[in-house]
Protein chains: 2
Amino acid sequence: MTSETHVLSGDDLLAQLAALDNPHRLRIVAALASGGRNYVSQLARDLGISRPLLHLHLQKLEAAGLVSSQLELSQDGKALNYFAVTDFKLELSPALIATAAQTLSTPE
Amino acid sequence: MTSETHVLSGDDLLAQLAALDNPHRLRIVAALASGGRNYVSQLARDLGISRPLLHLHLQKLEAAGLVSSQLELSQDGKALNYFAVTDFKLELSPALIATAAQTLSTPE
DNA sequence: GTCACATGTCAACTAATGTTGACACATGAC
DNA sequence: GTCATGTGTCAACATTAGTTGACATGTGAC
């Protein structure tokens, strides 16, 4: 195995920040962290938001690697898409940002 | 002295995330972290963005407590507004978010 | 006075994001 | 078959954020 620490690119950092910069998405992460894994419709009911909206937010969180999904079949045959939070750990400091900003791909 | 650690509110966390969720603002923090304090017009030239735009971004960063400003007079009498980065340190994890999300003030 | 530099602010436009409601599809229970 | 549950997607609208250019202010040097 490699002992190499994954170096966060500026774009990845930005994607993670963008994913967390939203009260709904903070609550989604919080709900999954506290209550454990859950499937979309149930989570929408728990949080009191519409399913399409939750779906889009989960999509953004998953694209940033902060949550993961797994499609399963319930005993009565329904397809349930379970989401769980990744145990990410992001150390945000001026030094880290200075490093990550060097690999930002924003032309102008 | 108190050994109390400052507890981050959900709204403060969200403000800091919102402040960093932008390529320009990441570059601003990076420039101040690497090159030290700087005043608005010079920083705008260094980064290649317009001064009004930089002003708005600095405003948002300062509101989140990530940078601080200090108005000074140059030797030839010009008023220079110097900005410096705060040495913030934000440990972003599911557990922290679960805690902070409890104090989010977003009604609906 | 004019010029060059610094500061900030404002309205107006563009671009990105969030949100909703309706749609289509599949399954088991009745 | 119908109903209730689950899945996803899409166009359309509402809201927010980003960006620009012009404006007003101040100073010292010439």
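In what follows, every chain begins at residue 1, and chains take the letters A, B, ... in the order their sequences are listed.
Contact of the Gln42(A) side chain with the Asp46(A) side chain is registered, since non-hydrogen atoms from C-beta on lie closer than 4.5 Å.
Taking only side-chain atoms of Ser41(A), from C-beta outward, the nucleotide of dG6(D), dT7(C), dT7(D) with the closest atom is dT7(D).
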Annotated protein contacts, base or backbone, on nucleotides 14-30 of chain C with a non-hydrogen cut-off under 4.0 Å, one of B, S, - each: ----SBBBB----BS--
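Contacts between residues 29-39 of chain B and DNA chain C, defined by a heavy-atom separation under 4.0 Å, are made by Tyr39(B).
Residues that satisfy the side-chain hydrogen bond (donor to acceptor under 3.5 Å, both in side chains) test with Ser74(B), not counting sequence neighbours, are Asp76(B). A search for side-chain hydrogen bond (donor to acceptor under 3.5 Å, both in side chains) contacts involving Arg37(B) returns Glu72(B), not counting sequence neighbours. Applying the side-chain contact (heavy atoms from CB on, under 4.5 Å) rule to Ser34(B) yields the partners Ala98(A); only residues at least two apart in sequence or on another chain are considered. Here Gln102(B) pairs with nothing under the side-chain contact (heavy atoms from CB on, under 4.5 Å) rule; sequence neighbours left out. Applying the side-chain hydrogen bond (donor to acceptor under 3.5 Å, both in side chains) rule to Glu62(B) yields the partners Ser69(B); only residues at least two apart in sequence or on another chain are considered.
Within the structure, ring-ring contact (aromatic ring centres under 6.0 Å, His included) pairs that include any residue of residues 53-82 of chain B comprise His24(B)-His57(B), Tyr39(B)-Tyr82(B) (at least two apart or interchain).
The CZ-C1' distance, from Phe83(A) to dT7(D), rounds to 11 Å in whole Å. Rounded to an integer number of Å, the gap from CZ of Arg45(A) to C1' of dT7(D) is 13 Å. In this structure, Leu20(B) places its CG atom 15 Å from P of dA17(D), rounding to the nearest Å. In this structure, the CG atom of Leu80(B) is 18 Å from the P atom of dG26(D), given to the nearest Å. As rounded to whole Å, 14 Å separates atom P of dA17(D) from atom CG of Leu61(B). Distance Glu62(B) CD to dT7(C) P: 14 Å, rounded to the nearest Å. When the C1' atom of dG8(D) is taken as reference, atom CG of Leu58(A) falls 13 Å away, rounded to whole Å.
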I'd like a table of donor-acceptor pairs (distance under 3.5 Å, sequence neighbours excluded) in which one partner is a side-chain atom from residues 9-17 of chain A, with atom names and distances.
unit_1, atom_1, unit_2, atom_2, d
Ser9(A), OG, Asp11(A), N, 3.4
Ser9(A), OG, Asp12(A), N, 3.0
Ser9(A), OG, Asp12(A), OD2, 3.4
Asp11(A), OD1, Ser105(A), N, 3.2
Asp11(A), OD1, Ser105(A), OG, 3.3
Asp11(A), OD2, Ser105(A), OG, 2.5

